[in-house]
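First comes the structure, then the notes that go with it.
Below, all heavy atoms of this structure are taken into account, side chains as well, without hydrogens, waters or symmetry copies. Chain A is the first sequence line, chain B the second, and so forth, proteins listed ahead of strands; every chain is numbered from 1. Source: prediction; values computed, not measured.
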Amino acid sequence: MDPECSRLLPALCAALADPGQPVADDTCLEKLLDWFKSVTEAGSSLQLLRDSPCLVELLLQVPQAPGLSPRVLAFALRLAGLLAAQEACFQFLQQGELLSGLFGEAGPLGGAAWMAPTVRSGWIQGLRSLAQHPRALPFLAELGALDTVVALQGDSSLFVASAAGQLLAHILGLALGGPAEGPPGPPACDWPASAQAVVGHLEEALSAATAPRATQALHVLTTTFGHCHRPWTQGLWARLSPLVARLLEKDPVPAAHPLVDLLLSVARSPALSSDRGWWEMAARALGSLRPAHAGPLALGLLTLQDCPQALSAQAFAVLLQPLACVLKAAAQAPAPPGWPAGPEGDAAAVATLLSSRSACVGLLCQTLAHLELLQPLPQRPAPWPQAPLLGAVLTVLRFCNGSAVPAPGSDLGGHLCAVLAGCARVQRAALGLLGALYEDAGPPELVTQVFAVLLDYLRSPDSSPTVLKKAFQAALQWLLSAPTPPGGCAPDPPAQPFLGELLPVLQRRLCSPCWEVRDSSLEFLTQLAGHWAGQAGFRHALLASEVPELAWQLLQDPESYVRASAVTAVGQLASRGLHATPAGPECPGGPQKGVLPELLGVLAADPEGFPRRAAMQVFARWLRDGHAEAADAERFVARVLQAAGRDLDWEVRAQGLELGRAFLERALGRPGPPCPDAAAAPEPAAPAAQALRAACRVGLPEFALRALFDCDRPVARAACALLLLLRDQAAPGLSLPEAGPAVAALEAALQRWRAGEQAQPPGPLEPEAVLAVLRSLDLEGLRGALAESSDHVERNPQSLLQDMLATAGLRGDNEADCY
Amino acid sequence: MKLYCLSGHPTLPCNVLKFKSTTIMLDCGLDMTSTLNFLPLPLVQSPRLSNLPGWSLKDGNVFLDKELKECSGHVFVDSVPEFCLPETELIDLSTVDVILISNYHCMMALPYITEHTGFTGTVYATEPTVQIGRLLMEELVNFIERVPKAQSASVWKNKDVQRLLPSPLKDAVEVSTWRRCYSLQEVNSALSKIQLVGYSQKIELFGAVQVTPLSSGYALGSSNWIIQSHYEKVSYVSGSSLLTTHPQPMDQASLKNSDVLVLTGLTQIPTANPDGMVGEFFSSLALTVRNGGNVLVPCYPSGVIYDLLECLYQYIDSAGLSSIPFYFISPVANSSLEFSQIFAEWLCHNKQAKVYLPEPPFPHAELIQTNKLKHYPSIHGDFSNDFRQPCVVFTGHPSLRFGDVVHFMELWGKSSLNTVIFTEPDFSYLEALAPYQPLAMKCIYCPIDTRLNFIQVSKLLKEVQPLHVVCPEQYTQPPPAQAHRMDLMIDCQPPPMSYRRAEVLALPFKRRYEKIEIMPETAVM
């Protein structure tokens, strides 16, 4: 601890122990605890107490101070626990019975302060920190803390209840300890008393008739098996698993959700996953749990690396059961080939669940989301029933838009019609899964149906903006996965006609009164053009449609997000030669407007940041890709930097630096990967001097020097990096000019501008002047300073202690402020 | 208690309830779909329509060629359009004591009832219903009377002839009862019999029954009705909406504990979500106009048009349509736009609040002020001077058989740049377009029907829990085109009682108690 902190600490401790003083807020106390934690981790807690006896004073005074804020009480409890985590310090504090006074009946435990959840939480967290060494266990037993912790599991505050469960799991781990590997450890009867006591509590709770108590015990066990994989956990599971199995025999299974968590926690534990009995229990659980709970368990099992084949098959059948019911409701046929068969009883339960509105929507969304998660995993079941799954998802989507025809006489079919029609939640989930299923494609007739259903959703006026966005995403994925015949760049049917049908839909959607729809349509157009611009049929259809012109018109959209997406789309279309260049409204038939002036207009005049940022991204991409609009790179970059330099948005300025960097690298002969449609070939490597001169001609050094002192740190950092590149790459070959009066004047101007004494930044610079300034600036030092976080001064402990003292009103300068 | 069902149209009902010796007519809707069988009435001489060939039987017999014309494979009656009236024979309509009107669309047959059946009772309706109903009737009369047609076809109605005709003429029902439009004089006379009422106002009928209108949320002044005695309660739900549009929200609570709930006027397009349709409407409109085409919106002069104009107000700038002229052409356009601004007490809360600012409740006032929306009584006169293309025209009639819309169909039908967007759900758009075929202009069907859908009805019935539900037979089975959609029908317990045209239902409900007052003199005896 540095001397300044040692000097401030006694006053702060006194202030904290004084109920009459205003208390610093929770954040300050948390920061103080963090600091103490770092101090104790770095050295001896005992030494800390010896150096700062005020801390012991504080801990002694706290239990006796009436009316002390619950926050300070909680802080003291946590601080005591933190200090007592080291055995030597624990002994030191216990010599004076300080810990018993704090954590025992004499402390807040027996008083009115215990009513505050903060105090109960502080008490638990203090004990949790303290319980790091064997001496802690007898201390806890002496206090009788275990019963209190068990009772706190049912606390009205969820934070307290959760912390109590975690403390119990921690105590169990501490008591049973032992090596990380090896035999399972002593038999249960030889376990230490504290472990016996905790396990006794758990057994009692698991046998209790009430679900809340079983839930508490299950939470403790889940934490234990989730965090501790030592051999003794095998013994613990062997002792408690019969009680867990008994829970599964009840109908309905109590505490099903935490039970699933426990089973999955055990499954993931390397110490337990080889237990054969566990796999049997998991199989039983899949059969006993209701579909809503069996689904998460099935997914958890299927994501395991070493799940037995039979269990995996059972889990997959459970997971697919709701979709099987949907298929049956629509087709009244036996399960499609490749579909895992599930038990009939389960099917009946699922069918019952599906016929209620809220349960049906919840179960279907859960199932669809689970399958979307499972689909890309390497351990997913094989063979993967791609075709029936596709069929099922399409059926769900058809039920949702009212086009599914229920099987004759199927009550469930009628119910699904009523429940799912227009349900956006299920539509989103189903489109999400449909999008994920693109990788494995499927039989051509099903792929045709996929495109037909997607087109229905894209066309339907009833599709909500979020559903439409999902439909666009799924459509793009399926389009990208469509096979392209060798030698050709057009996709195979049915993707080809779908691509043709998309354009009228896009046209309509780009005119939607809903801005979210216009925005996602533009995003889709950008991606579509990015992937299909090389395909002649698509190019022809796109250019013949009004889509490019509509995208152009949306540059004037009142919604800034839409304008930003329009900028990106127009930029993309332009880079692929697909853009519309309508005549100006003032003179129809007159000269066409260029894309670059239009986007420069956005950069210069748009009142919102998003479109301007989008414009900068387009410019940077154009320059990297060697796009025609950026063919005259110097003129192009000069114009862009001129507009970006005045921008109030720091991201625009930062992107200006990115553009400058791309230009410099290009000038140095290190261009990025060229784009296939590049209009201009990258320039040959130029000598460093030429690069510097080019940079000066476009005004890059002025831009970067101004940005170096930008009040937004990311801009300053980027500028520093760019100037370093300029100095190290473009300047080494050049001899240092003599420091003439012009350079001195520039340096002086820079200093003044930096100090805020000069309103205007330095003007156009000559290469020699730039070189001199670059060499005179301590760029490495600046880089180091900028790498520090902006609040590094405020985050140091002295500052924290001073702030807290200021809050308490104990500092002289604050008194002066009272005037 | 009996219900006499005089109309088979579920959204244009006309029923008579006999309850405690009172005879109450519930709405008198006029089924105008019959006009689809007639040739359009062009405002300007149309060589195409006047040169259509006469229809002849396969055997070459051309005796009907004066009455029937053929156009693109369809046969139309070349005569003044006629309307299908409610049943007049099922019950003696002169015995009707009162007529309760639920909204302005459901009173279009009123002159036929009040002026030609010996009716001597009273009609009850809210003020906006009467005023806007009057506008609709005046517009209808104007549309038909300004294109006089000497010819009146009647031979084709002969049963022996009718069965020889092609569909849909062959299948048209009750053609003998079809009547020509009423006159303005009859309209005025009918409307003079109306007594204005306010929401929740209790009206005593002969001391036996009390009737109360409740807000139904569908249109300006639209109502549902409670008809109750001391011990019985009948609710009449007709054309209600739970969507937040311009009218006052629907009063559901007062419908609770009904013995019988008569449910009519649900959405005609249960699969179309009004929000999605509005989106589709504007996408199509913008796409056409940006392409240099004109947009024609056949519509009624009141109702959804207010909401469309409001959306247009929000959309017009964002879609870059500020320079496009919007025209609203109707003999009653001016009155309709002005009436909508003065019925503040009948509007939803947000619009009522605007009045106190003070601001016009509907933003179409600003559209008119800024010259973005212009309205004209007809295509003649000022309109022809101001007309600029491309443009958007809102005009009637949605059947495309009369009104200014006929002119625009003839004018713009040949260009594929133009689009006609159907927003009114009352007419099949394919049938409406039939006499204009072949047609190059694009047709978009965006029916916007804000009335209750089946999910909303299901929730409503769970909420108000009537003992019995009575509804048109169309609501007890899925629509024929979507026979698998079991969700597109009323699902309640006990199952609803259904009715069809010309049917008399004995309502499943026995009166057990009666409140009587004994005069002291009688008691002494």
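A distance-only check finds no donor-acceptor pair linking the side chain of H484(B) to the backbone of P408(A) [under 3.5 Å].
Closest approach of D487(B) and A421(A) over heavy atoms only: OD2-CB, 3.8 Å. Taking all atoms of both residues into account, the shortest heavy-atom contact from F282(B) to P513(A) is CB-CG, 3.9 Å.
For the atom pair CG of N273(B) and OG of S463(A), the computed distance is 10.5 Å after rounding to the nearest 0.5 Å. From Y315(B), atom OH reaches atom SG of C514(A) across 10.5 Å, with rounding to the nearest 0.5 Å. With rounding to the nearest 0.5 angstrom, the CG atom of N291(B) is 7.5 Å from the CD atom of E549(A).
The closest side-chain heavy-atom distance from D462(A) to T271(B) is not below 4.5 Å. R508(A) places a side-chain heavy atom less than 4.5 Å from the side chain of S283(B).
Residue-environment remark: CE (M486(B)) stays at or below the threshold of 12 foreign heavy atoms within 6.0 Å. Remark: Y313(B) OH is loosely packed, at most 12 non-hydrogen atoms of other residues, nucleotides or ligands lying under 6.0 Å away. The 12-atom threshold is exceeded at CG of D456(A), counting heavy atoms of other residues, nucleotides or ligands nearer than 6.0 Å.
Contact of A483(B) with chain A is not made at all, since no heavy-atom distance falls under 4.5 Å. If you measure heavy-atom distances from Q553(A) to chain B, the contacts under 4.5 Å come from the side chain alone. Contact of I316(B) with chain A is not made at all, since no heavy-atom distance falls under 4.5 Å. Interface remark: S403(A) contributes backbone atoms only to the contact with chain B (heavy atom separation under 4.5 Å).
Contact tally against chain B (heavy-atom pairs below 4.5 Å) for E559(A), R518(A), Q507(A): the top residue is Q507(A).
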